[in-house]
Amino acid sequence: MVEINDLTRKKALKNYYKDIKKYYKKVLEVLKLEDNFEASLIIVGKTKIHTINKQYRGIDKETDVISFAEIDSEDDFGEDNYLGDIFINVDRVYAQAKAYGHSVKREFCFLFIHGMLHLFGYDHMNEKDEKKMFALQKKIIGDLK
């Protein structure tokens, strides 16, 4: 289950919440996991994500998505199977959708999938890991434009 909290006043992405829930299930399906996990998606603006990025990652700039995993490995899951939190910058969703020439829905879902994979321990810090993570993202998002 994914809980969605929009901390902006815009509520602009509300029409895509059902799609987020669909892609949550697809992430689990592709990773061959049961649907017994929980995660939080928090939608914020550029100022809030800049603050979070600076405070927790030491990077003094805005970003599009940040994930905070609750666990380090599958052995760490407790009874609640809480994965962690994904913060998505609504302003970057719109800007990147326009820049990349695809829909807002696609960008929002893509950033969510990216964040979910981070919660499951996937990363893109080196070329080998990046190829693996990006291949999974592509498989999960499919042909959504």
Side-chain angles (χ1 to χ4, degrees), residues 1-31 33-125 129-130 132-145:
M1 179 179 86
V2 61
E3 181 180 321
I4 303 171
N5 298 298
D6 189 338
L7 301 184
T8 71
R9 291 195 171 120
K10 298 174 187 178
K11 311 289 184 208
L13 300 173
K14 190 172 178 99
N15 291 336
Y16 309 119
Y17 289 5
K18 67 182 181 317
D19 299 295
I20 290 298
K21 293 177 183 194
K22 176 181 110 176
Y23 282 103
Y24 167 80
K25 289 181 186 271
K26 191 158 181 195
V27 168
L28 297 176
E29 178 185 310
V30 168
L31 296 179
L33 296 169
E34 292 184 33
D35 187 3
N36 62 347
F37 295 98
E38 291 185 31
S40 292
L41 169 60
I42 302 103
I43 302 165
V44 297
K46 61 185 175 184
T47 303
K48 181 68 173 173
I49 208 150
H50 183 161
T51 301
I52 292 168
N53 205 19
K54 184 176 181 182
Q55 181 177 357
Y56 293 99
R57 297 182 63 224
I59 300 172
D60 191 11
K61 67 179 187 175
E62 170 190 349
T63 190
D64 52 6
V65 59
I66 297 176
S67 297
F68 293 100
E70 189 70 20
I71 52 104
D72 291 325
S73 73
E74 289 183 30
D75 297 333
D76 291 340
F77 287 121
E79 288 182 25
D80 63 357
N81 287 348
Y82 187 70
L83 294 170
D85 302 323
I86 302 166
F87 290 83
I88 292 181
N89 176 353
V90 66
D91 300 301
R92 289 289 282 273
V93 170
Y94 282 93
Q96 289 175 185
K98 184 176 181 180
Y100 299 142
H102 53 244
S103 69
V104 170
K105 174 181 171 179
R106 194 246 184 234
E107 186 64 19
F108 185 43
C109 292
F110 174 82
L111 291 175
F112 173 73
I113 291 165
H114 185 88
M116 280 292 296
L117 290 173
H118 277 307
L119 293 184
F120 280 111
Y122 291 90
D123 214 328
H124 44 88
M125 298 300 285
D129 291 343
E130 181 178 288
K132 186 175 184 177
M133 184 175 181
F134 288 8
L136 283 170
Q137 288 173 168
K138 188 174 183 177
K139 184 176 183 177
I140 295 163
I141 199 79
D143 60 2
L144 179 63
K145 305 275 187 241

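As a basis for the values below, the full set of heavy atoms in this structure was taken, side chains included, without hydrogen atoms, waters or symmetry mates.
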Between [X] and [Y], what is the shortest heavy-atom contact and its length?
X      : Y      : value
Tyr16  : Val104 : CE1-CG1, 3.8 Å
Leu119 : Ser67  : CD2-CB, 4.0 Å
Ala97  : Ser103 : CB-O, 3.6 Å
Val44  : Thr8   : C-CG2, 3.6 Å

Of Ile43, Ile113, Asp19, which meets side chain to side chain contact (heavy atoms under 4.5 Å, CB included) against Phe108?
->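 The option that passes is Ile43.
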Using side chain to side chain contact (heavy atoms under 4.5 Å, CB included) as the criterion, point out the one residue from Lys98, Gln96, Arg92 that pairs with Glu107.
->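 Testing each of Lys98, Gln96, Arg92 against Glu107, the sole residue satisfying side chain to side chain contact (heavy atoms under 4.5 Å, CB included) is Gln96.
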Run the numbers on Tyr23 and Val30 for side-chain contact (heavy atoms from CB on, under 4.5 Å), then give the verdict.
-> CA-CA 10 Å; Tyr23 282 103; Val30 168; over 6 Å; no
Does the plane of the ring in [X] sit parallel, tilted or perpendicular to the ring in [Y]? Use 30° and 60° as the thresholds.
X      : Y      : answer
Phe112 : Tyr24  : tilted
Tyr100 : His102 : tilted
Phe134 : His124 : tilted

Under 4.5 Å between any side-chain heavy atoms of [X] and [Y], yes or no?
X      : Y      : answer
Tyr122 : Asp129 : no
Cys109 : Ile20  : yes
Phe110 : Val65  : no
Asp123 : His118 : yes

Please report the interatomic distance [atom1]([X]) to [atom2]([Y]), rounded to the nearest 0.5 Å.
X      : Y     : atom1 : atom2 : value
Glu3   : Asp85 : CD    : CG    : 9.5 Å
His114 : Asp64 : NE2   : CG    : 7.0 Å
His50  : Gln55 : NE2   : CD    : 11.5 Å
Ile86  : Ile4  : CD1   : CD1   : 10.0 Å
Met1   : Leu83 : CE    : CG    : 11.0 Å
Phe120 : Leu31 : CZ    : CG    : 6.0 Å

More than 12 foreign heavy atoms under 6.0 Å from NZ of Lys26: is that the case here?
->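 Counting other residues, nucleotides and ligands, NZ of Lys26 exceeds 12 neighbours.
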Among Asn53, Thr51, Thr47, Asn89, the one residue meeting side chain to side chain donor-acceptor pair (under 3.5 Å) with Glu62 |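 Of the listed residues Asn53, Thr51, Thr47, Asn89, the side chain to side chain donor-acceptor pair (under 3.5 Å) partner of Glu62 is Asn89.
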Asp6 bridged to Lys14 by N-O distance under 4.0 Å =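 Judged by the 4.0 Å cut-off on N to carboxylate O distance, Asp6 and Lys14 do not form a salt bridge.
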Donor-acceptor pair, side chain of Asn81 and main chain of Asn36, under 3.5 angstrom |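 Checked: pair present.
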